[in-house]
There are 2 protein chains.
Amino acid sequence: MGELGATNRTLPSTETPERGVRPLGPPRSPVTLHAVARTAGVSPATASRALNGTTRVREDLRARVLAAADELGYIPNAHAQALASSSNNTVGVICHDVSDPYFAAISSGVMRAAAEHELLVMLASTFREPDREIAYVSMLRAQRARAILLIASGIEDRSWERSLDSELTAYQNSGGRVAVVSRHRSLRVDTVLPENRAGATALARALLGLGHREFAVLTGPARLTTVSDRLAGFRAGLAEAGIRLPRHRVITGAFTRDGGHDAAVQLLRHGDRPSCVFAVTDVMAVGALAAFREHGLRVPEDISLAGFDDIPLVRELTPPLTTVALPLTAMGHSAIALALRAERGRRSRVERVAGEVVLRASTAPPAPGG
Amino acid sequence: MGELGATNRTLPSTETPERGVRPLGPPRSPVTLHAVARTAGVSPATASRALNGTTRVREDLRARVLAAADELGYIPNAHAQALASSSNNTVGVICHDVSDPYFAAISSGVMRAAAEHELLVMLASTFREPDREIAYVSMLRAQRARAILLIASGIEDRSWERSLDSELTAYQNSGGRVAVVSRHRSLRVDTVLPENRAGATALARALLGLGHREFAVLTGPARLTTVSDRLAGFRAGLAEAGIRLPRHRVITGAFTRDGGHDAAVQLLRHGDRPSCVFAVTDVMAVGALAAFREHGLRVPEDISLAGFDDIPLVRELTPPLTTVALPLTAMGHSAIALALRAERGRRSRVERVAGEVVLRASTAPPAPGG
DNA sequence: CAGTTACGGGAAACCGCTTTCAGAAAGCGC
DNA sequence: GCGCTTTCTGAAAGCGGTTTCCCGTAACTG
């Protein structure tokens, strides 16, 4: 493919005989720093200094350079800059699925922080394929990204995870910074981690406070600490009231809306119905809510439902969802801050963020006859 | 809310003089192609060729190079590659707000297409600040991105839009490709454009078919063709039944959930209530639904509500929203395809995608006593 | 007024890779 | 066995900047 000569208007008959590709202007070659320097009547070195302000430059020269740059429409070549200065201002963000509202909320904070720091964000979506995740880390390494953010990135397969870890370690050894949001990792990386246990325990207490005694939990892949912590925390909360969670009331599903839906369906198939269901993520809860409705159950009259995360969407549901609210946007923001601060020679560390139980209409005291 | 510094509990003593920054491995300098070539006993040129497969290389040499690269953990420097070959594989995507579900759905397709083409996506969020939009185009120019995608990017201010246009044109003149999704632009750019008029007209017909005669529309900024086309299409549909839309029944709000909410509130303040409301985007409809509920109106018993776009979220609402469904993910995918195809010397063009009316429970025949 | 010092600008090396260009080696026909 | 192609390989010239190093000049010192 014709990667070169991207601007060949003059090639008459190579490809199809289409004409008029370029509407206006000649195929002028890109304006380089040298060109700017020449029209300003200074050396490239001076032009560079004037543009970047790294060193004092006589005011009149500086003005001439700036004028020339402006006149020529000079745009520095970021690749050349990166190469020469061996530094750049890009960060990579890797997530499973850009359309997941959980990710969207976090990345909103990431984008804000990136804007504040004048960083360019390279976003990669793995579609939950582990090899893709590794490939992206590799690509970001090639780009010499200043930091890589793994958002809610969990690989369930042990061996894939190993290669991911080694890739990340290699990246760190070459000076890169890794920050993980909302996942525990064995690596020494900056981490923004919700208080999953405590949050789930608090939620359990709140639900107990409503009078519930019969619970079920819809969980995700057990290997993820997010799941196990929330489950453990919830169990701990129930235990305080002497309540145990029977095995058959813990249903595992995929970490998606449909996973929640299917888990809920499976639960209902049992016949015996808990009075209250906790889905370990809001996204799963959304699916569960739909499933309950399909089965003719009213929430919260027939069954209470609670989630975790407080993605914006759950406020629009009917009924709005009780959940453990996490400052998702702030978490994304923190991740960048952490990674950047780390650059200044800090050792990696974990920032824990608390969740807050928000009782909404999806939970209510159990029906008397329940 | 405290977007910054969310919850740092672990701060030991702010800027303490920490040691032991690099946990393992010496600060080995990055492995270059030359190093690979040296350990393979060939010239850098050959190493490059072996790695990239641009030219035939004797099999044993090729093997040695590959082995050396693997052993040394060689990762090419993308900047150097880009500089030397004056080409790269990055595309830029500019949107208002990454957490907007409309964007999320589209960008999901973008990411998929990017993965297929082995492209790296640089994502920029403008937060609806026009200067930011321009700044990002400039940054993407500096990065020599192969293409820039503008997703639902509309600037309401004329003068800002002019500078954006000139920036984009300059980019095109230097060989860049611009693709716009879901916005009409005067520039000669590749465009993926929904059939907003036809979709809205079809929706109007469907609503008329339910028996409605009293309508209101919640619109966005009038300068955006998305808005004006949908409004005009809706009007045209109503006109077929001899119905006109009174001025006071067309309320303008921001293109957001809250904008829809506020517009709905404003509408209700009028006292006289239409039997059916059309929000020009689903996102606005979500806000409107909430507003109706706050005012004690039942949807669809008291008032019907329809949207446009079919973002995934509206299926989870109660009632699910009637809307004009757009293949959002496919649109994002197309945008990349369009931009890439364009590189091969095609002139820019417009791809129109049809919307399909999906009647859900948020619309019903008007109440008899209406 | 001579001797330093400080300051700012230019030449050139270099960042890490790709890609001509030309030469060496190998293959071929006669 | 000789001359001509055909294949590969290596040397070297960039790609477009940044930055070191050095030098000329102006400013400062006694």
How close or far is atom [atom2] of [N] from atom [atom1] of [X], stated in whole angstroms?
| X | N | atom1 | atom2 | answer |
| --- | --- | --- | --- | --- |
| B:Arg56 | D:dT9 | CZ | P | 10 Å |
| B:Leu61 | D:dC8 | CG | C1' | 9 Å |
| B:Arg62 | D:dT7 | CZ | P | 17 Å |
| B:Arg38 | C:dC17 | CZ | C1' | 15 Å |
| B:Asn88 | C:dT18 | CG | C1' | 14 Å |

Kindly write out the residues that satisfy salt bridge (Lys or Arg N to Asp or Glu O under 4.0 Å) with [X], not counting sequence neighbours, or none if the list is empty.
| X | value |
| --- | --- |
| A:Asp70 | none |
| A:Arg141 | A:Glu167 |
| B:Arg58 | B:Asp60 |
| B:Arg112 | A:Glu129 |

Residues in contact with DNA chain C, drawn from residues 134-143 of chain B - heavy-atom cutoff 4.0 Å
none

Please list every donor-acceptor pair under 3.5 Å in which a side-chain atom of residues 47-55 of chain A meets a protein atom from a residue at least two apart or in another chain.
from	atom 1	to	atom 2	distance (Å)
A:Ser48	OG	A:Asn52	ND2	3.3
A:Asn52	ND2	A:Ser48	O	3.1

Qualifying residues under side-chain hydrogen bond (donor to acceptor under 3.5 Å, both in side chains), relative to [X], sequence neighbours excluded:
| X | value |
| --- | --- |
| A:Ser182 | A:Tyr102 |
| B:Thr126 | B:His96 |
| A:Thr191 | none |

Sequence neighbours excluded, every pair satisfying ring pair (Phe, Tyr, Trp, His ring centres under 6.0 Å) that has a member inside residues 40-94 of chain B:
A:His79-B:His79

Heavy atoms under 4.0 Å is the rule here; annotate nucleotides 16-27 of chain D 5' to 3' with B where the base is hit, S where only the sugar-phosphate is, and - elsewhere.
BBBBB-------

If we only count heavy atoms from C-beta on, is the A:Leu187 to A:Val178 side-chain gap below 4.5 Å?
no

A side-chain contact here means heavy atoms from C-beta on lying under 4.5 Å apart; do B:Asn88 and B:Arg144 qualify?
yes

Overall bend - the helix from C:dC1-D:dG30 to C:dC30-D:dG1, comparing terminal axes fitted on five pairs, nearest 10 degrees
30°

